[in-house]
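Counting from 1, the numbers follow the sequence of the chain as shown. All values reported here derive from a predicted model rather than from experimental measurement.
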Amino acid sequence: MEEKIYLKKISCSNCGAELIFDPGTQMVNCNFCGSKFEIENAVDEEVIVPDSILPFKITKEMYYQALLSWLSHGDYTPDDILTSSIFEQINGLYLPMYIYEGRYHGNWSASSGYNREVDYTEWDEYQKKMVKKTKTITDWRPSSGQFSGTFKTMVYAGHYKGIKSEIIDFAQSGSINSNSLKDYDLKYLLNFNFIEFTHNENSVWKSSGIHKAHIIAYKDLISRVPGDCYKDLREDTSYNLKSSVNVYVPYWIVYYKYAEKEFYVCMDGTNSSRIDGKKPVDEITKSEAGKYDWIISAWSLVAIAWIIWGFFRAAEFNDDFFVEEQIPGFEKPDNLFYSPWLGIYWWIRFGIVTLGFVITSLISNNHRNKIINSSKQKRESVLKNILTVNTNK
């Protein structure tokens, strides 16, 4: 029988997110839109006590430093993003998850393809002779077998009001060391917000859990199919769910605005290297970085026109009209601008085109890297100053 307790619940009037918090927690803003709450408007709510909880290991200070460092590495992140005040209000958040463990087994059948190289000869119109070529042929054979293994997957079990699907996907992609789980204790929730369980283990398993387990099973199945390729794959998979645990998993989640646009940052509450989100893009810096891209485009047009012209001229000089028997003394011209296909000067033209791409690319990329590195250095300098100030406090 599920144990329940009474805590405080408040709904955000801006984004609709519903958050639970302990009465002793001084919650100041919504994790999902930054709106401030009037705590006196909260109501008592009966919530399910989870089996386990994964306590926070990353402090607010650690998250803030990791956040600033993450932003400072963006190619086109605005230079002033680090000095903005949009990240001052930060709340840790526990997300409700079910951890499912079990086994899968099934049968499969497919057509397996085995590639082999075959040599053949073909008439080459330009060289006026038979040339040797190679092609790949695929031999198809029926194949079948069985597969089995274990799965462990984590699935979100709360409401979706105000929370982006990208956040849920990121949270579900994490992994949990079962040895790090603790028995639920209200002390772990102090100073943190959390979302209540709104779905039971059976409904979550049927709606999402079995799908995530199937991804694991299917990946195993694909590794067992022999050959270089396959088609007409069929499989019949069964799942034996051995255990399910409802657990609160910690995340630092902050939605913020920059230049009237909304972005977010999400980080695993136990691992600062797992961080993801959306960054603003400085369109002015991006435009300046691509200032010389037009040179590559211009040279591409010249090169394409020159190559096409070469094809037409090559075809013209291979025409039967231009043969020595019909025009005595006629010789095919072979110079830089007017030569037949695969002539010595054709390769020089090809070299000029290639060199042009190299030079134009170097000009464009050097300018781009200069702009990007300059922007990064500014942000890294600001980051260093911020971290120094915080350290001295």
Peer 1: Give the cluster check for I363 versus W299: same hydrophobic cluster or not, with ILVMFWY residues linked at side-chain heavy-atom distances below 4.5 Å.
Peer 2: no

Peer 1: Do K242 and T150 have side-chain heavy atoms sitting under 4.5 Å apart?
Peer 2: no

Peer 1: Would you say V265 and V382 are hydrophobically clustered, going by side-chain heavy atoms of ILVMFWY under 4.5 Å?
Peer 2: yes

Peer 1: Do you know the tightest heavy-atom contact between R368 and G290?
Peer 2: NH2-CA, 4.0 Å

Peer 1: Side chain to side chain contact (heavy atoms under 4.5 Å, CB included), that's the test. Do D75 and K376 meet it? Break it down for me.
Peer 2: CA-CA 7 Å; D75 284 350; K376 286 184 177 180; 3.1 Å; yes

Peer 1: To the nearest 0.5 Å, how far apart are CD1 in I222 and OH in Y230?
Peer 2: 3.0 Å

Peer 1: So with a 6.0 Å cut-off around CG of D183, is the heavy-atom count from everything else above 12?
Peer 2: no

Peer 1: Run the side chain to side chain contact (heavy atoms under 4.5 Å, CB included) check on L93 and L19 step by step: do they pass?
Peer 2: CA-CA 9 Å; L93 180 70; L19 300 177; 4.0 Å; yes

Peer 1: Give me each pair satisfying side-chain hydrogen bond (donor to acceptor under 3.5 Å, both in side chains) with a member in residues 151-160, each pair once, sequence neighbours excluded.
Peer 2: K152-S178

Peer 1: Please determine whether side chain to side chain contact (heavy atoms under 4.5 Å, CB included) holds for the pair L233 and L221, giving the CA-CA distance in whole Å, both sets of side-chain angles, and the decisive distance to 0.1 Å.
Peer 2: CA-CA 10 Å; L233 178 63; L221 163 60; 4.3 Å; yes

Peer 1: Ignoring hydrogens, what is the shortest heavy-atom contact between S361 and I296? Give both atom names and the distance.
Peer 2: CA-CD1, 3.9 Å

Peer 1: Indicate yes or no: at least one non-hydrogen side-chain atom of Q65 is less than 4.5 angstrom from one of S69.
Peer 2: no

Peer 1: Under 3.5 Å, side chain of S374 to main-chain N/O of K370, donor-acceptor pair present?
Peer 2: no

Peer 1: Could you tell me whether a side-chain N or O of Y100 sits under 3.5 Å from a main-chain N or O of F151, the two making a donor and an acceptor?
Peer 2: no

Peer 1: For a quick test of reading the model, state the closest non-hydrogen atom pair linking T138 to C229 and the distance between them.
Peer 2: CG2-SG, 4.0 Å

Peer 1: So, taking the atom named SG in C266 and the one named CG in L67, what distance separates them when rounded to the nearest 0.5 Å?
Peer 2: 11.5 Å

Peer 1: Just distance, no hydrogens or angles: give the donor-acceptor pairs under 3.5 Å from side chains in residues 47-59, sequence neighbours left out.
Peer 2:
residue : atom : partner : partner atom : Å
D51     : OD2  : N246    : N            : 3.3
T59     : OG1  : M62     : N            : 3.2

Peer 1: What's the verdict on side chain to side chain contact (heavy atoms under 4.5 Å, CB included) for K132 and D119, showing C-alpha distance, side-chain angles and the deciding distance?
Peer 2: CA-CA 7 Å; K132 184 177 180 180; D119 295 330; 3.8 Å; yes

Peer 1: Got a donor-acceptor contact below 3.5 angstrom from the H367 side chain to the E288 backbone?
Peer 2: yes

Peer 1: Shortest non-hydrogen contact from A217 to F147?
Peer 2: O-CE1, 4.0 Å

Peer 1: What's the spacing between K129 NZ and T121 OG1 if we round to 0.5 Å?
Peer 2: 12.5 Å

Peer 1: Side chains of K231 and W140, heavy atoms from C-beta outward: is any pair under 4.5 Å?
Peer 2: yes

Peer 1: Could you give the distance from CG (D139) to CG (D228), rounded to the nearest 0.5 Å?
Peer 2: 10.0 Å

Peer 1: With a 3.5 Å cut-off and no angle check, do the side chains of Y104 and H214 form a donor-acceptor pair?
Peer 2: no

Peer 1: Do N365 and Y292 make a side-chain contact, defined as non-hydrogen atoms from C-beta onward lying under 4.5 Å apart?
Peer 2: no

Peer 1: Checking Y248 side chain against F194 main chain: does a donor-acceptor pair fall under 3.5 Å?
Peer 2: no

Peer 1: For Y258 versus D80, what's the shortest heavy-atom pair and its separation?
Peer 2: OH-OD1, 2.5 Å

Peer 1: Could you tell me whether a side-chain N or O of S112 sits under 3.5 Å from a main-chain N or O of P226, the two making a donor and an acceptor?
Peer 2: yes

Peer 1: Between D220 and I216, is there a donor-acceptor pair closer than 3.5 Å when you use the side chain of the first and the backbone of the second?
Peer 2: no

Peer 1: Are Y264 and I253 packed together at the side-chain level, in the sense that at least one heavy-atom pair is separated by less than 4.5 angstrom?
Peer 2: no

Peer 1: If we ignore hydrogens and angles and just use 3.5 Å, is the side chain of Y98 paired with the main-chain N or O of G209 as donor and acceptor?
Peer 2: no

Peer 1: What I'd like to find out is whether the side chain of E117 reaches to under 4.5 Å of the side chain of T136, using heavy atoms alone.
Peer 2: yes

Peer 1: Report yes if the side chains of Y218 and I215 come closer than 4.5 Å at any heavy-atom pair, otherwise no.
Peer 2: no

Peer 1: Between NZ of K161 and OG1 of T198, what distance do you get to the nearest 0.5 Å?
Peer 2: 9.0 Å

Peer 1: Is a side-chain donor or acceptor of H211 paired with a backbone partner of S207 at a separation under 3.5 angstrom?
Peer 2: no

Peer 1: Please determine whether a side-chain nitrogen of the Lys or Arg among K164 and E262 lies less than 4.0 Å from a carboxylate oxygen of the Asp or Glu.
Peer 2: yes

Peer 1: Any salt bridge between R379 and D79, counting N to O under 4.0 Å?
Peer 2: yes

Peer 1: Same hydrophobic cluster for V245 and M154, using side-chain heavy-atom links shorter than 4.5 Å among ILVMFWY?
Peer 2: no

Peer 1: Determine whether H105 and Q146 make a side-chain contact, defined as any pair of heavy atoms from C-beta on separated by less than 4.5 Å.
Peer 2: no

Peer 1: Look only at the side chain of T360 and the backbone of G356, and say whether a donor-acceptor pair between them is shorter than 3.5 Å.
Peer 2: yes

Peer 1: Treating N200 as the side-chain partner and S203 as the backbone partner, does any N or O pair qualify as donor plus acceptor under 3.5 Å?
Peer 2: yes

Peer 1: Minimum heavy-atom separation for Y114 and G227, please, with both atom names.
Peer 2: CE2-CA, 3.6 Å

Peer 1: Classify the ring geometry of W252 against F192: parallel below 30°, tilted from 30° to 60°, perpendicular beyond 60°.
Peer 2: perpendicular

Peer 1: Verify the cluster assignment for I81 and I372: are they in a single hydrophobic cluster under the rule of side-chain heavy atoms below 4.5 Å apart?
Peer 2: no

Peer 1: In Å, rounded to the nearest 0.5 Å, how long is the span from OG of S243 to CG of L241?
Peer 2: 7.0 Å

Peer 1: List, one per line, each side-chain donor-acceptor pair under 3.5 Å for residues 273-284, sequence neighbours excluded.
Peer 2:
residue : atom : partner : partner atom : Å
S273    : OG   : N271    : OD1          : 2.6
S273    : OG   : N271    : ND2          : 3.2
R274    : NH1  : D268    : OD2          : 2.9
R274    : NH2  : F170    : O            : 2.8
R274    : NH2  : S173    : OG           : 3.0
K279    : NZ   : W70     : O            : 2.9
D282    : OD1  : I284    : N            : 3.1
D282    : OD1  : T285    : N            : 3.3
D282    : OD2  : T285    : OG1          : 3.1

Peer 1: Do I359 and F357 belong to the same hydrophobic cluster, where Ile, Leu, Val, Met, Phe, Trp and Tyr are linked whenever their side-chain heavy atoms lie under 4.5 Å apart, directly or via other members?
Peer 2: no

